[in-house]
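Note that the coordinates shown come from a computational prediction; the quantities given were computed from them, not determined experimentally. The first residue in the sequence is number 1, and the count goes up from there.
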Amino acid sequence: MDKSATSQENHFVDIHQGHPQEEDQIMDMPKTFEKRLQRPFKLREMKRPQRNFSRQVSLETGFSALDRETKAKDDKRVLSRSGRSLGDQFGSTSRVEGKKGDFSIFRTKSTLTKQNSFLPSRKETETDFHKTEDLGGLEEEAINIQRSVPAGRYFAALRGPELDQVKEYEDILLPKDEQWPFLLRFPVGSFGICLGLSSQAILWRTLAQSPATKFLHISPLINLFLWLFALAVLVCISITYALKCAFYFEAVRREYFHPVRVNFFFAPWIVCMFLAIGVPPMVAPGRLHPSIWCIFMAPVFLLELKIYGQWLSGGKRRLSKVANPSSHLSVVGNFIGAILASKVGWQEPAKFLWAVGFAHYLVVFVTLYQRLPTSEALPKELHPVYSMFIAAPSAASIAWETIYGEFDGLSRTCYFIALFLYLSLVVRINLFWGFRFSVAWWSYTFPMTTVSLATIKYAEQVPCILSKSLALTLSFTSSTMVFVLFISTLLHAFMWQTLFPNDLAIAITKRRNDNVSKMFGKDKKPFKKAYDLRRWAKQSPLSFVSSITKSNSNEKNNEVEKVV
């Protein structure tokens, strides 16, 4: 008992070494009141240092967390302009010893499974617990990466002929100062190479077989060579993009939500139908089997149900918001499918596809021509894509002639529309200068080829020197363009090695970086009185009343000052 008493007294004295005033007050109290307060008072004093200590630790970690947040904000301001991007910060903070340029955020089945493997265990100190909170925030960022980016965000953040260049005040999720993996840099627009080559195979077959150009004595071996070459290129590009789907599905998913590139998902199936239409006679001398049409047309029809449904139902991806000249590529698939259906002997499906394609062509044509004030304005650099205007009417003209067997009034109407649009673009040749080369430029060659084919059909019905010379001029012009693009592709691929740069378009953030936009002054909005009512209507009633009372109090103070 004595030992316990002495230990309690010693413990009592040790706690109150820093509080002599409280110790004197306790000694002056009566003994009866001291016995009542002695035990609970000691218990409180025993817990108090722990509370103070824990609060000190929490304050210290809190200040350190604030310091880290302020440093992170400063780093973001610096990194965004130094060539590094949010991907560097994501990769460095998600791992304790992270490698530079972590591209796992776009890998298939990555984000949460790989992020959880780097999370620390639950049994850690309080300072390590803040690290787990930071990693939890990165998990939320990884989830946001997988969510679809709004269509208007692409128009706001990107520029260029194919919306593939990031604007100066935007940041991206992947590093800018190093080369990305090849599959991540391989765009879906690469199928434009196949579009240009396969359409040339059809053109040279028509030149060799048409009565209007029989005087040229063109060998059918040219058609065979181009057909085999286009088939080989299609196989290589399809295998490469299939690997991209397998390893970087998140990048493919972002390309699908891109307002321009979503139309290029029709390209591989259109190329397959081009190859089926332009197959050399020595490869397939008879009529093609209808199953070929079913295999190639089924994916196109399913994509149309999805995209046309979004155009019709409205929402964020309505036609007036996402319409661009490359939207004609989704319409051309109907006319090419109608031509192939007529070739295999199915006339009614051919008429059905022609009707669907012509109806949607009119809608797209009027939407792009009218340019509604409520729609997203197309960038100025998107002018070269206007060659897509030629593809749909010329393909409709050829499809109608194939179905009904004659180049009648409706075929000529569609052909004349395409010819006028072609001439209007040739006059404004300056719209095609000043843009860097891209693989997607190949897709702008097949509209020139289709209008050349329609001109040959017209020369067969109206044989004269003017029609034949026009057919030859347009045909050799399109072949020259394909040859020039082929040489440019070889130079950029093997000599300059710039054919596939970093695909910045798929790495934009879902929201704009406010810190970078403030640096460039993009967050400043012009003040308009018309917006005052909207701004006041959005305020809560309490804030609105408080603003009124403040204004009344200011008026009263001014009146008092005047009286004084």
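- Residues F437 and W441 keep their aromatic ring centres 6.0 Å or farther apart.
- Partners of H328 under the ring-ring contact (aromatic ring centres under 6.0 Å, His included) rule, at least two apart in sequence or in another chain, are Y361, F389.
- One N or O on the side chain of K167 and one on the backbone of A156 form a donor-acceptor pair closer than 3.5 Å.
- For F229, the side-chain contact (heavy atoms from CB on, under 4.5 Å) partners two or more places apart in sequence, or in a different chain, are L197, V233, F486.
- In this structure, NE2 in H258 is found 11.0 Å from CZ in F265, a value given to the nearest 0.5 Å.
- Applying the side-chain hydrogen bond (donor to acceptor under 3.5 Å, both in side chains) test to residues at least two apart or on different chains, none of the pairs has a partner in residues 267-280.
- Contact record, P259 with L163: CG-CD1, 4.2 Å, taken as the closest heavy-atom pair.
- Looking at F103 and L173, their side chains never come closer than 4.5 Å, going by heavy atoms from C-beta outward.
- Using a 4.0 Å cut-off between charged side-chain N and carboxylate O, R153 and E170 make a salt bridge.
- Here the side chains of R317 and F257 are in contact, with some heavy-atom distance below 4.5 Å.
- With hydrogens and angles ignored, the 3.5 Å screen pairs no side-chain donor or acceptor of T449 with any backbone N or O of Q200.
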Determine whether T108 and E250 satisfy the following criterion, side-chain hydrogen bond (donor to acceptor under 3.5 Å, both in side chains), listing intermediate values before the conclusion.
CA-CA 6 Å; T108 306; E250 296 301 327; over 6 Å; no
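- Between the side chain of S238 and the backbone N or O of V235, no donor-acceptor pair lies under 3.5 Å.
- The CZ atom of R205 sits 11.5 Å away from the CG atom of L224 when rounded to the nearest 0.5 Å.
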Could you go through the side-chain contact (heavy atoms from CB on, under 4.5 Å) check for S478 and T445 one step at a time?
CA-CA 7 Å; S478 63; T445 59; over 6 Å; no
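- Side-chain contact between R261 and I506: present, with at least one pair of heavy atoms (C-beta onward) separated by less than 4.5 Å.
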Using the rule given for side-chain hydrogen bond (donor to acceptor under 3.5 Å, both in side chains), can you reason through T489 versus W442, listing the C-alpha separation, both sets of side-chain angles and the distance that settles it, and then say yes or no?
CA-CA 10 Å; T489 303; W442 274 90; 2.9 Å; yes
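- Y241 places a side-chain heavy atom less than 4.5 Å from the side chain of F191.
- Expressed to the nearest 0.5 Å, how far CG of L453 lies from OG of S394 amounts to 8.5 Å.
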Decide yes or no on side-chain contact (heavy atoms from CB on, under 4.5 Å) for M388 and F446, but give the supporting numbers first.
CA-CA 9 Å; M388 286 289 186; F446 92 93; 4.2 Å; yes
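- With hydrogens and angles ignored, the 3.5 Å screen pairs no side-chain donor or acceptor of N334 with any backbone N or O of V356.
- Note that CD1 of I307 is 4.0 Å distant from CZ of F266, once rounded to the nearest 0.5 Å.
- Heavy atoms from other residues, nucleotides or ligands lying under 6.0 Å from NZ of K343 number 12 at most.
- Atom CZ of R185 is separated from atom CG of L504 by 11.5 Å, given to the nearest 0.5 angstrom.
- Scored by the side chain to side chain donor-acceptor pair (under 3.5 Å) test, H492 finds T498 as partners (sequence neighbours excluded).
- Considering only heavy atoms from C-beta on, F247 stays 4.5 Å or farther from L184 through its side chain.
- With hydrogens and angles disregarded, a donor-acceptor distance shorter than 3.5 Å links the side chain of S424 to the backbone of L421.
- Every pair tested for salt bridge (Lys or Arg N to Asp or Glu O under 4.0 Å) that includes a residue from residues 476-500 fails, sequence neighbours excluded, so the list is empty.
- By the 4.5 Å heavy-atom criterion applied to side chains, W180 and P501 are not counted as neighbours.
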I would like to know whether W227 and L231 meet side-chain contact (heavy atoms from CB on, under 4.5 Å); could you show each step before the answer?
CA-CA 6 Å; W227 189 85; L231 180 62; 4.0 Å; yes
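- The closest side-chain heavy-atom distance from L319 to Y308 is not below 4.5 Å.
- At most 12 heavy atoms of other shown residues, nucleotides or ligands fall within 6.0 angstrom of atom CZ in F249.
- In terms of modelled atom types and a separation under 3.5 Å, the side chain of W204 and the main chain of L226 share no donor-acceptor contact.
- Considering only heavy atoms from C-beta on, Q310 stays 4.5 Å or farther from R318 through its side chain.
- One finds the OG atom of S199 at 10.0 Å from the CG atom of L275 (value rounded to the nearest 0.5 Å).
- A donor-acceptor pair under 3.5 Å is formed between the side chain of N324 and the backbone N or O of V322.
- Between the side chain of E255 and the backbone N or O of V188 there is at least one donor-acceptor pair closer than 3.5 Å.
- Taking both residues in full, the closest heavy atoms of I390 and P447 are given as CG2-O, 3.9 Å, listed atom of the first, atom of the second, then distance.
- Across every non-hydrogen atom of Y154 and A505, the tightest pair is CE2-O, 3.9 Å.
- For the side chain to side chain donor-acceptor pair (under 3.5 Å) test, no residue two or more places apart in sequence or in another chain qualifies with S397.
- Ion pair D503/R254 not flagged as a salt bridge, since none of the NZ, NE, NH1 or NH2 atoms sits closer than 4.0 Å to an Asp/Glu carboxylate oxygen.
- Atom CZ of F182 has more than 12 heavy atoms from other residues, nucleotides or ligands within 6.0 Å.
- Side-chain contact annotation: E304 with S330, donor-acceptor N/O pair under 3.5 Å absent.
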Would you check, one step at a time, whether the test side-chain contact (heavy atoms from CB on, under 4.5 Å) holds for V300 with F296?
CA-CA 7 Å; V300 176; F296 296 156; over 6 Å; no
